[in-house]
Amino acid sequence: MTKHIFVTGGVVSGLGKGLSGSSLGRLLKARGLRVIMQKLDPYLNVDPGTMNPFEHGEVFVTDDGGETDLDLGHYERFVDENLTQDSNATTGSIYSAVIAAERRGDYLGKTVQVIPHITNEIKRRISRLVSDDVDVIITEVGGTVGDIEILPFLEAIRQFRLDIGRENVFYIHVTLVPFLGPSGEQKTKPTQHSVTELRSRGIQPDAIICRSEAPLSSDLKRKISNLCDVPINAVVNAADAKSLYEIPLVLHEEGLDRVVCDVLGLGDHPVDITEWEALVARVEAASTPVRIGLIGKYVSLPDAYLSVVESLNHAGIHHGADIQLEWIQAEELEGMLAEGRLRDLDGIVIPGGFGERGVEGKIAAAAHSREANIPCLGLCLGMQVMTIEFARNELGLTGANSSEFDPRSPHPVIDLMESQRDVTDMGGTMRLGAYWAKLKPGSQVARAYGEEVVSERHRHRYEFNPAYRSRFEDSDLVLSGESPDGRLVEFIELDGHPFWVGTQAHPEFKSRPDRPAPLFREFVASALQRAEGRNPRLGLGEIAEGELTKPAGS
Ligand code: GLN
């Protein structure tokens, strides 16, 4: 029998329910259980694919081409399972399904209502992940208890326990215990109110995860236990941790996985978290500073590049490097270049993106990294930008561009493929999900992967224009990976440069804390070498000419 854990949040949004759920998932997996995760999102968008990254953070892409909430990225990275689009359902997709069924006449003329029709559809979404191969499904309910939008979800998960038996369901409520500076006290009232609200919907939490700045005293835990009617050993404190990788260890220390297993009758499997402990030790030991410039359009909301940042950190942990990110607004890049402010970067990442704004800045960044021998990694739009830069500045193709940004470019080196031209539905035009690529034997990319056939996830409309292939093939820019049928260019790299590599894919979606994505791993290795060369005290690298005579901080 598959067991279900539901995670809700209260008091404020942004408490890290996703990370709490993922961390618990990791612990259950460390007990030998097979875990899968999902997110129910109370907004009306049918999927996050068309949502503005400024507002909602990155769109996480699954192997099967789902455009999902960024929490699925946390789930995959922590639980180390590839999820599918079935792991994300929004109010919009649920209503769409119910309304479509109503139009088909499936309800035989009955009045269609939130209860039972919407709630039944929610329960169907939860149940579709059940299989013989899964012991535990952790379902995070997005939003905050008390929101209007969340009510059908709370009603559905309440009914769910009655449907499948009390012993098969566990409710976790994540709350905040704030610290009031003037009185010097931690306050439990918001937690009490939030639990009262949850109980008014018929859900009594089995455990409460209390987020707090500083650790909670046992007195305070007892108070929460008494007032919220939750056993003291199920009042779990997740005080702010130095790194997010510590959260599974904190929750384990607090006994959360034990309580869950006891209540759900999952047995007392020994838990093996030695690998995760080793990872946390490596995170703490990663000390060589490596400065990476991330040239983006959405830099005011770092969550817009969550998987890219995580992948850089994974690679940093692997090499013992402390990644110091410089968020660079693409539109400001040219000014910064003129002031020489990019000189001290050890590496440049040009991530994915849509729309024209900031593109010229990204092209300038690509040119600078190429000329100054700074390692550069281009992801999706990043690869397109590198291609445009090289075409303009090295192949003499004046006005080269992507037809996304300049439909009248004389040299559309990036263009729509035939099959994409006439599609107008924004939701359905992209190359989405995992695609295979074959790599050029002996290339830098093939060496990084250690394999010649690789699969990475995609999310884009435009492609390297095959009409320009031969011009590139006669240059130092190597087309080092292509689709199995040879039609699409998937990877490029520059001969004779320490690391100037672009990919049409998004390898950041497959990076894991203990298994950095190969291109990120090699990019950071190259950036680390540069960092060591720039600062000989850090390592044995060569000292760049003139480096020692520069005044400090220049
Ligand atoms: N805008 C580009 C395209 O649609 C790149 C997309 C991306 O970077 N994900 O092809």
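On a predicted model such as this, the values are computed, not experimentally measured, just so you know. Whatever order the structure lists ligands and atoms in, that order sets their numbers, starting from 1.
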Please set out all donor-acceptor pairs under 3.5 angstrom arising from side-chain atoms of residues 517-527, sequence neighbours excluded.
{"residue": "Arg521", "atom": "NH2", "partner": "Ala448", "partner atom": "O", "Å": "2.7"}

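Panel note: side chain Asp485, backbone Arg487; a donor-acceptor pair is recorded below 3.5 Å.
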Task: Phe60 and Tyr75: CA distance, side-chain angles, deciding distance, side-chain contact (heavy atoms from CB on, under 4.5 Å) verdict - done: CA-CA 11 Å; Phe60 186 81; Tyr75 304 164; over 6 Å; no
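Within 4.0 Å of ligand 1, the residues that place a heavy atom are Gly352, Gly353, Phe354, Cys380, Leu381, Gln384, Glu404, Arg459, His460, Arg461, Tyr462, His506, listed by chain and number.
Residues meeting the side chain to side chain donor-acceptor pair (under 3.5 Å) test with Ser480, sequence neighbours left out: Glu493. Under the rule for a side chain to side chain contact (heavy atoms under 4.5 Å, CB included), the partners of Ala278 that lie at least two apart in sequence or sit in another chain are Arg282.
Applying the 6.0 Å contact sphere to NZ of Lys438 captures more than 12 heavy atoms from other residues, nucleotides or ligands.
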